Protein chains: 2
Amino acid sequence: MSKIKVIIADDHELFRNGLTELVKKQENIEVIGSVADGNQFLNIIKKNKEVDIVLLDITMPNMDGFDVLKKLKDIKSSIKPIIISMHNDGNYMAKCFKSGAYGYLLKNTDEKELNTAIETVYLGKKYFNTEVTEKMINFMSSNSVSEKIISKKETEVLMLISKGLTTKEIANQLFVSSRTIETHRANILKKLEVKNTAELIKKAVKIKLI
Amino acid sequence: MSKIKVIIADDHELFRNGLTELVKKQENIEVIGSVADGNQFLNIIKKNKEVDIVLLDITMPNMDGFDVLKKLKDIKSSIKPIIISMHNDGNYMAKCFKSGAYGYLLKNTDEKELNTAIETVYLGKKYFNTEVTEKMINFMSSNSVSEKIISKKETEVLMLISKGLTTKEIANQLFVSSRTIETHRANILKKLEVKNTAELIKKAVKIKLI
DNA sequence: TTTTACATCCGTATTTATACTTAATTTTTA
DNA sequence: TAAAAATTAAGTATAAATACGGATGTAAAA
């Protein structure tokens, strides 16, 4: 019987190597690669076509987990991604599954669940535990998943807001009326479904608008 | 020759177990315990007095790394703490060393450095690499250490701000006056040297305060 | 033990952001 | 080409944040 071939992608070397050691203990699983970001991962799978599963961290430099998911979808890869994240957050989970993830594990999971997840996903089934399922459902019901599209000007304004400029300062810099910027701000808040600037900036960072 | 006795404290089980496996590979080091928060750690060292080093994560539930450092100092423990953190930020580093840490490693360090750090600290010397030293110096020279450390309450307020709550809402939730929250906000802005909430949230995300 | 930071609160004033509305012009896209 | 979205702008009003100033008790650190 051939082993399940796994690649680990995480920017924290210590975590990556530790995880490798843990997975090594499983007889039916084999770690064939270990990378620190999405670019390195793509390079590996270009050369090595026989990869079953990638254990994927979300927050990585250069090319993060979301980008990798998107890429895998684009090239119609058969590699099944399992997200290993520290974000216990419905938003993240929904975005991952939407982007083609087969599983979502939290970093405080245990070896047993990790192995179950790998085996489940290897068979082509999705894996998510009760906790993740709950978070997802809560998120779905409360929030519309579809992210509204922020226009070019709005993005520009958003950048300046995040730099700490006021409406007036932004207006001066962009040579338009303050009222225009006010309108932009109101539209951005509406599109991202947030109450105020504080929440806006957090969300914008989260969905990589900034 | 007796082995160096190490305890690992981190709330992410996967990381903790992985780290244990990595350290196990060293012949002169022995992992005698593995805990998920500061309380568990204190319970262990009450029973077992022969501990040399604790590999300590900062962000943990119930009792975090800072609390543990403080406690170790209080009881005049001989256990030497090495921080293993994902916060690549002078603020954190300074606070840790001030609280009695013997070393500060980033989670993207490698096995080799980890072992070097453990061995160095075991001999009673402090360990910090070039990167950490640089960050520390930059931080120190930019401003006085204490001024930039965000207190626990301030962090709590910051979290609620980032969730989109207003001053009044935060005050209600924390059962204090709005004026108190206003003061906290003003102090946070000052400490992080930002002009307004928008810039604040961006910076807070950047240095992983939220 | 003296100082320093923390957490708590208030007065007063100004600036900034948000809410709700409407609407003209331009650009993009179906 | 017609419809949709983006960009521009405004009236009116309220809510929220920020800027100064000050204060007190407590806990921790030097």
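Just so you know, these numbers come straight off a predicted model, no measurement behind them. What you see below is based on every heavy atom in this structure, not just the backbone, and it leaves out hydrogens, waters and symmetry mates. Each chain gets a letter, A, B and so on, in the order the sequences are listed, and its residues count up from 1.
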Under 4.5 Å between any side-chain heavy atoms of L165(B) and Q173(B), yes or no?
yes

With side chain to side chain contact (heavy atoms under 4.5 Å, CB included) as the test, would you mind laying out the steps for I84(B) and L56(B) before giving the verdict?
CA-CA 6 Å; I84(B) 300 193; L56(B) 195 59; over 6 Å; no

If the helix axis at each end comes from five base pairs, how far does the helix from dT1(C)-dA30(D) to dA30(C)-dT1(D) deviate from straight, to 10°?
80°

From I161(B) atom CD1 to I188(B) atom CD1, the distance as rounded to the nearest 0.5 Å
5.0 Å

Does K152(B) pair with D67(B) as a salt bridge, N-O distance under 4.0 Å?
yes

Going by the salt bridge (Lys or Arg N to Asp or Glu O under 4.0 Å) test, which pairs reach into residues 153-172 of chain B, not counting sequence neighbours?
K153(B)-E156(B), E154(B)-K191(B)

Determine: side-chain N/O of [X] to OP1/OP2 of [N], distance under 4.0 Å, yes or no.
X	N	answer
K191(B)	dC6(C)	yes
K152(A)	dA6(D)	no
H184(A)	dT7(D)	no

Would you mind reading off the distance between [X] atom [atom1] and [N] atom [atom2], rounded to a whole angstrom?
X	N	atom1	atom2	result
E154(B)	dA5(C)	CD	P	12 Å
L160(B)	dA16(D)	CG	P	16 Å
D67(B)	dA27(D)	CG	P	17 Å
I170(A)	dT8(D)	CD1	P	13 Å
N187(A)	dA6(D)	CG	P	9 Å
I181(A)	dA9(D)	CD1	P	8 Å
I188(A)	dA6(D)	CD1	P	12 Å
F66(B)	dA28(D)	CZ	P	17 Å

5' to 3', nucleotides 9-27 of chain C under a 4.0 Å protein heavy-atom cut-off (B base, S sugar-phosphate only, - none) gives BBBB---SSB---------

For K70(A), look at atom NZ and say whether over 12 heavy atoms of other residues, nucleotides or ligands are found less than 6.0 Å away.
no

Do you see a donor-acceptor pair shorter than 3.5 Å between the side chains of E119(B) and Y127(B)?
no

Could you tell me how the ring of F97(B) sits relative to the ring of F128(B): parallel (under 30°), tilted (30 to 60°) or perpendicular (over 60°)?
perpendicular

Between L158(A) and A204(A), the two heavy atoms sitting closest are CD2-CB, 4.0 Å

